[in-house]
Structure formats: C-alpha cells, structure tokens
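The analysis underlying the following values was restricted to heavy atoms, covering all of them including side chains, and did not include hydrogens, waters or symmetry mates.
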Protein chains: 2
Amino acid sequence: MDTRLDRDMSNCSIARTLEVVGEKWTILILREVWYGSSRFSDFERVLGCPRNLLAARLRMLVEEGILATETYKEPGSRSRPKYVITPKGVDLVPAVMGLLQWGDRYRADPEGPAVLTRHRGCGAHVDAQIRCERGHAVQAEDIESVPGPAFRLRPAE
Amino acid sequence: MDTRLDRDMSNCSIARTLEVVGEKWTILILREVWYGSSRFSDFERVLGCPRNLLAARLRMLVEEGILATETYKEPGSRSRPKYVITPKGVDLVPAVMGLLQWGDRYRADPEGPAVLTRHRGCGAHVDAQIRCERGHAVQAEDIESVPGPAFRLRPAE
DNA sequence: GACCTGAGTTTACTTTTCCATACTCAACAA
DNA sequence: TTGTTGAGTATGGAAAAGTAAACTCAGGTC
C-alpha cells in the first residue's frame with residue numbers, strides 16, 4: 001500500500017480496537033480474568049488499580065460485550081456480581097498473546113518468564129503466530145497490506 | 001494457575017510490554033511505519049498527533065530499539081533523519097495483527113475493513129493465530145497458563 | 001548574506017486522565 | 001440496631017495529554 005495521497009485512517013481497525021482496550025488497566029483486567037479472577041475485589045487487590053478506574057473499565061468492558069456479569073453467592077452473604085469473559089473477549093486472546101510473547105522475549109527476568117502458556121493435553125509451548133488462510137506460516141515481511149472495501153483517501157484540506 | 005495466594009504480577013510480560021507500547025499514539029506510529037511512513041512530518045500529518053508527543057514517542061521507540069534512525073536525502077536539501085523498524089519492532093507484528101483482526105471483526109464499517117492483509121505471493125488472507133510448538137492450532141480455551149521460572153507469590157502485606 | 005525547509009524543542013494554557021482516599025449502599029450476621 | 005463486607009460512587013489534587021504558536025537549528029537555495 002503506497003498511495004502517495006494520504007490514506008484516511010479514521011476507520012483503521014487497530015485504532016478502533018485501541019479505543020476499546022487501549023486505556024490504562026483494561027488489558028491487565030482481561031489478563032486477570034484469564035488467570036481466574038472474577039470479582040471486583042480480586043482485580044483491585046492484584047492490580048492495585050484505583051477503584052474508580054476499575055469500576056469504569058469494567059463498565060466499559062461489559063458495555064462492549066467483552067465481559068459479562070453473573071452473580072455469585074458466598075454462603076452467609078448476599079449475592080454479588082462477578083465478571084466473566086464472553087466469546088468477543090476471547091477473540092482478544094491472540095492480541096494479548098502477542099504482547100505476552102514480546103515481553104517474554106525482550107523484557108523477562110533473567111531466569112525467564114513468570115507464566116508459561118501450554119497447549120492443554122499436548123503440553124507444548126503456545127504462542128501467537130501469523131498464518132495465512134492456506135495454513136502457511138507468514139513472516140512479517142511477507143505480509144502485504146492492500147486497500148480493503150472501506151479504504152478511503154483523505155478529503156483534501 | 002489457580003493459587004489461592006496472590007500471584008505477584010510485577011514481572012508480568014504483558015504489563016512490561018504495555019510499559020513500552022501502551023501509551024497513546026505508540027502503536028499507531030508503528031502502524032504508520034508498517035504502512036510505509038518514515039518521516040516526522042509523515043507521522044504528524046497522517047496521525048494528527050501533537051508534535052511534542054510525537055517526538056517523545058519516537059524517542060522512546062528508538063531508545064527501546066523498536067525503531068532505528070537512518071538518514072535520507074532529497075535532492076536539493078540536506079540529509080534528514082527517518083525512522084525504520086528493527087527486528088525487535090517486527091516482533092510486535094503478531095500483537096498488532098491481533099488488534100487489527102479484532103477490530104476487523106467487531107468494529108469495521110459495514111462494507112468491511114479499510115485494509116486487507118495478504119500473504120505476498122500466495123495472496124491468501126493473513127491473520128494472527130494461536131499455535132503450539134508442534135504446529136497445532138490452539139483454541140483460547142485450551143491454553144493452560146502455568147507458573148514459569150520467574151513465578152513469584154506476593155510478599156505478605 | 002538572507003531566506004527556506006524539515007525536524008524538531010519550548011512555552012503557555014486547557015482538558016482529560018489518573019491516583020488516593022473517603023464515603024455510600026444493600027444485604028446478612030450478631 | 002449495630003456492625004461487617006463486597007461493590008461500588010464521590011471528590012480533590014497530580015500527572016499526562018491535547019492545542020497552538022513561537023522559536024531553534026543546520027544545511028540547502030536564491
């Protein structure tokens with residue numbers, strides 16, 4: 001993609017995804033959900049994030065359909081809400097795996113990463129890869145970005 | 001991973017990656033590099049981002065080794081710096097492809113995405129997938145997160 | 001020598017986001 | 001009826017981001 005006129009990037013899918021998950025704490029909240037947390041107090045304790053932001057992020061994630069609320073009840077106390085991931089949230093896993101993998105490679109402690117990801121059953125290490133529909137592994141250099149159906153040039157200034 | 005004691009997440013690779021690329025504009029600058037921009041004025045024009053932040057983000061990306069500066073020279077003007085991606089930067093592609101893919105699925109215009117990614121040569125659509133080392137495609141539900149070498153529990157409070 | 005240009009830096013001001021902490025609220029328990 | 005607990009809401013100050021314009025700097029051109 002090498003149009004000399006400026007592309008209009010107002011409909012860029014990367015930017016639009018970041019509008020939803022690009023704020024501070026959002027992705028870390030999702031990480032906690034994957035690692036098993038579901039309650040407000042769990043997120044607060046493990047993340048150390050301010051409560052008002054936590055509430056705002058959870059509300060956003062639920063509004064966007066990435067998390068959903070259910071209720072749980074501990075014996076001897078009343079029902080309270082908990083947060084569970086939806087299929088739309090699960091679809092963020094490849095992106096987050098990509099971040100995890102980069103951090104493992106370039107920012108891990110000398111002894112290695114804090115968390116290993118394995119294929120349940122097979123046990124082999126798991127990571128995010130780029131593949132084409134035909135199943136070929138694709139090097140980043142061999143990705144070609146071409147204008148899609150919603151491609152626009154920028155309105156003249 | 002379901003330790004009832006709190007995990008210490010201060011060495012989480014996701015959090016550490018976000019420390020580098022989690023600020024506003026950073027990933028969009030990388031997007032522009034992939035789409036062919038390399039000059040300060042290109043980024044400024046296409047992103048519409050404030051110059052001081054742009055300068056700060058570029059400096060950060062160069063310090064982190066994700067971008068590198070080279071010089072270019074237009075005939076009739078002096079040499080000027082441009083920004084090119086390094087192998088360390090290329091390793092962020094899977095994460096960003098993951099974001100792109102989610103945006104394409106859930107936030108695209110009705111007519112479709114603005115940009116299509118294809119395998120150069122083969123031409124087939126390309127995306128980020130989760131695979132294990134043995135080459136199996138892995139469903140998000142079949143990822144098992146287990147404590148790694150740098151796993152720590154949280155020091156008691 | 002004066003002017004131009006791309007790539008910044010600096011400054012000054014407004015707005016937004018973030019952080020820390022205090023406060024509220026609705027069951028349930030004693 | 002008072003206390004407790006989890007899940008928030010409210011608030012006030014600090015930090016970061018956004019906006020706009022002026023300024024710098026070096027190596028071109030005129």
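Taking the side chain to side chain donor-acceptor pair (under 3.5 Å) definition, one finds that R80(A) meets it with nothing, sequence neighbours left out. H125(A) meets the ring-ring contact (aromatic ring centres under 6.0 Å, His included) test with no other residue; sequence neighbours excluded. Residues that satisfy the side chain to side chain contact (heavy atoms under 4.5 Å, CB included) test with R105(B), not counting sequence neighbours, are D91(A), Q101(B). Evaluation of the ring-ring contact (aromatic ring centres under 6.0 Å, His included) rule for Y106(B) yields W102(B) as partners, not counting sequence neighbours. Scored by the side chain to side chain contact (heavy atoms under 4.5 Å, CB included) test, D142(B) finds H119(A), R120(A), V138(B), Q139(B) as partners (sequence neighbours excluded). For S37(B), the side chain to side chain donor-acceptor pair (under 3.5 Å) criterion is met by E32(B), not counting sequence neighbours.
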Atom pairs and distances, donor-acceptor, side-chain atoms in residues 61-75 of chain A, under 3.5 Å, two or more places apart:
from: E64(A); atom 1: OE1; to: R107(B); atom 2: NH1; distance (Å): 3.2
from: K73(A); atom 1: NZ; to: S77(A); atom 2: O; distance (Å): 2.6
from: E74(A); atom 1: OE2; to: R39(A); atom 2: NH2; distance (Å): 3.1

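Taking 4.0 Å as the cutoff to heavy atoms of chain A, we find the contact window on DNA chain D bounded by dT5(D) to dT11(D).
Taking atom CG on L54(B) and atom C1' on dT10(C), their separation rounds to 16 Å, with Å as the unit. Going from atom CG of D42(B) over to atom P of dG6(C) covers 11 Å, rounded to whole Å. In this structure, Y83(B) places its OH atom 15 Å from P of dG6(C), rounding to the nearest Å.
Using a 4.0 Å heavy-atom distance criterion, F43(B) is classed as making no nucleic acid contact.
Within the 4.0 Å cut-off from OP1 or OP2 of dT9(C), at least one side-chain nitrogen or oxygen of R59(B) is found.
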Base versus backbone protein contacts along nucleotides 15-30 of chain C [heavy-atom cut-off under 4.0 Å; B, S, -]: ---SBB-B---BSSS-
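Just one of T117(A), V115(A), I85(A) meets the side chain to side chain contact (heavy atoms under 4.5 Å, CB included) condition when paired with W34(A); it is I85(A).
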